[in-house]
Every structure is written in C-alpha cells, then in structure tokens.
Amino acid sequence: MSTPRISRRAEAVAPFYAMEFGKQAAALEAQGRRIVKLSLGEPDFGAPPAVLNAMREAMDGRPMAYTEALGLPALRRAISGFYAQRHGVDVDPARIVVTAGASAALVLTAAALVDPGDEVLIGDPSYPCNRQIMESFGARVTLVPATAESRFQLDAASVRASWTERTRGVMVATPSNPTGTSVPAGELAAICDTARERGAWRLVDEIYLDLSDHDARGRPPRSALSTDPDAVVVNSFSKYFGMTGWRLGWCVVPRTLAPVMERLAQNYFLCASAPAQHAALACFTAESLAVCEARRAEFARRRALVLDGLARIGLPVPVPPDGAFYVYFDVAGTGLTSWQFCERALLEAGVALTPGRDFGEHSARTHVRLSYAASTEDLREGLARLGTFLTGL
Ligand SMILES: Cc1ncc(COP(=O)(O)O)c(C=O)c1O
C-alpha cells in the first residue's frame, strides 16, 4: 500500500517537547530508574472529592447521551455564576461554550476567527500548542520577543510595534506557561484596547487565572472580561480544578460568535464528554471551591520552596511566577544550552524538565521550565539532585 501524502498543515506541526521528554522519562522508569518528573503541568491532587463522588453517582447505568453542542445548560449557568461570584463580571450563559479542555476551545476559536494568511501576534515565550493551532488554520504567527522587563509577556508597546496591516488578532495567555507570570491588569487592558481599536480579535487564555495570587486586600485577579467584554476568553477544569485527564474546559465568546461556535462544535465534536460535564457541576459548590483554594495555597508554598532551592544551587529565576505553577530559570551560567541541560539532567540526575525550545525562540537556548505541580517530596528530591548535578558539571 502506498503511503498517504501528509498534509502540509500536519507536516508543519512541531512536536510538543514537554510531552516527548515525559515519554523519555517514562521509558527510563520502565528500566527501573526513579525519575523525578518536573516536566508536566499536571496538578498531583486530582479532582475535588465532591466531583469524584458526582462522577460515581452519574455512573449508575443510565445512558450517557450527547449533551447540547454548547454544553449542559446547568453547567453553563454554573460557570456564569462563578464569573459573577469570583470575578465580579456578568457573563450570560448563552455566551459560554463548554469544550473538551481549553485545547478544544482554542481549536474552535481558531476555526471561527482565522483565515489563511491572517497575522496573529503571540508573545515569545508562550505555550506552543496555541501557535500550532493558529498556524494549522493558516494563520501567520508573529512571535513577539518578550523579556524579563515585561515579565516575559506581551505589552501594549510591543503589540503596537509589531502591528501590520494584515494583523487580525492578538493572543495572550495570562498567567503564562512557561513562566508562570501574569500581564498586569492595566497592561492587559491596554493590549486589548490596541487590538480592538484596530478591529482585531483578542484571545485571552486564562486557564491559570484562578491559581493566581490574590491582591493585598485578598481579592482574586479579574478576568480580561472585566475590561474587554468582547474578548474571547478561554478557561479549563484542568488546572484550578485539577482535572487534566477529564478533558473539560470552556470559552466565553461575544454574543455574535456563539451561534458560529455552536455550528463548529456540532460538526467537530458533537459535545464535550457528558459524564465529565455532569460531574463538573460539583466543582462550583462551596465545598469544592474551598478545596481548590487550599490547593492554591499549597502551590504558593511549593513555589517558595522551589524559588529558595533554585537560588541556593545558583540557578537564577529572572521573574518569579505569580500564577501558573511554573518557574522559568536561566541556565546560561552553566555553559550548557537549555536542551543539553534538560537531556543531561534527565539522564545523569533523573530529573525531567522542559527545555525552552518548546516555548519559542527568543529565550529558548538559555531557559528551562520547571513545573512545581508535583509533590513537596518530589520537589525537594528534584532540587537536591539538580544541586549535585550542577556541582559535577
Ligand atoms: C496556557 C495553556 N493553555 C491551554 C492548555 C490546554 O489545557 P487543557 O487541558 O484545558 O486542554 C494548557 C495546558 O497545559 C496551557 O498551559
């Protein structure tokens, strides 16, 4: 049988190296090595107990039919209630699209908004799948270099400087993967204003927003929707609710986009997992939210442990994270590239990390991502191993 010709779109998609390193780590474990995995962004807690119970109850033998393509009405209302209660923003449930993780929300949004040749601005470093999804719908992604001065994030000045007549959209993930850092609220509003004034769409990935530090008065950071109600905002049950493998997320879209997303969702996915949607209703109870808040506090303790440990072994962190559970540290002083550092750390120290190459070009050779969504025990062990590894270089 002749081999099928692979589409140019698929050929252009680069591997997600974090997952590739994860596979290598699993292969070493299969050989009997104990590997400390600090390479993947998966909270080790799992779903809140009430959600697990709700899933057990839902599995009573009833047929699990498709839900509406936009999601269970009750879940969309619950998400709307979450915006009102936590973020102080009024979001009509009709504008909420429930999806198979933020990933499917990103696919639907790209399908709805991107035509071949459209330019899309994304910061470098950033989550690689975002630009891969945009490019697979024909977008020409401009990676805008971001430095420690702008918290490794886009700012309004760099957005203006990179704008061309073909620019159709701007994409920001705040807090960011791989740096864990947020765009300050005023700056995010300025970025969105810049794009809106030029008739472009704004896509804000807030999948780590609810893990962010609260302000001095104990208030959580606001969603981008509070200053730009017509931005497309993506979120997920994966991170704050600890439900990575459940494949459930959502996006909030402008009213006019909702029927477009509905048609696309009907054709692409029919609906997100029905059992996961039924169980996720239990995410928004006071009990589950209290569990998630306790976990957020635990992540802050782990972050302190990691920042202290990296400082002790001489690996600088140019901008400490304030939201997502990642630290982006600088390995230039070791004389190794980030790729060599990660390869040798895995083979010689048994610590799995992610090289900067996944996240762009600008700081890729000198920076490595560590995920502290791992147990305290693993974090201590990983830091100790990295210390010994560095001494031996
Ligand atoms: C910034 C960002 N966006 C989207 C995703 C996809 O998440 P989900 O599990 O909801 O598909 C991730 C996953 O790590 C991420 O880091």
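Atoms within a ligand are numbered from 1 in the order they appear, just like the ligands themselves. Note: hydrogens, waters and symmetry copies are ignored here, and every other heavy atom, side chains too, is used. These figures come from a predicted structure and were not determined experimentally.
In terms of polar-atom proximity, defined here as any N/O pair under 3.5 Å, N130 makes no such contact with ligand 1. For the pair A102 and ligand 1, the shortest N or O to N or O distance falls below 3.5 Å.
If you check which protein heavy atom lies closest to atom 11 (O) of ligand 1, you get S103 OG, 2.5 Å. Nearest protein neighbour of atom 16 (O) of ligand 1, counting heavy atoms only, is Y208 OH, 2.7 Å. For atom 1 (C) of ligand 1, the nearest non-hydrogen atom of the protein is D205 OD2, 3.3 Å. Nearest non-hydrogen protein atom to atom 7 (O) of ligand 1 is I207 CD1, 3.3 Å.
In this structure, H367 has its ring center under 6.0 Å from that of F152. Taking the ring centroids of F241 and F284, they lie under the 6.0 Å cut-off. If you look at Y240 and F299, their ring centroids are not closer than 6.0 Å.
In this structure, T244 has no heavy atom closer than 4.0 Å to ligand 1.
Atoms of ligand 1 found under 4.0 Å from any heavy atom of G101 (numbered from 1 in listed order, with element): 10 (O), 11 (O).
Taking each of E42, E206, R247, K239 in turn, the one with a heavy atom nearest to atom 13 (C) of ligand 1 proves to be K239. Comparing S238, A104, S176 against atom 9 (O) of ligand 1, the shortest heavy-atom distance belongs to S238.
Contact annotation: the side chain of V331 never approaches that of W339 to less than 4.5 Å [non-hydrogen atoms, C-beta and beyond].
When each of K239, R222, R86 is tested with D210 by the rule salt bridge (Lys or Arg N to Asp or Glu O under 4.0 Å), just one qualifies, namely R86. With respect to E119, the salt bridge (Lys or Arg N to Asp or Glu O under 4.0 Å) criterion is satisfied by exactly one of R166, R168, R198: R166.
Counted within 6.0 Å of CG on D90, heavy atoms from surrounding residues, nucleotides or ligands total 12 or fewer; the atom is thus considered open.
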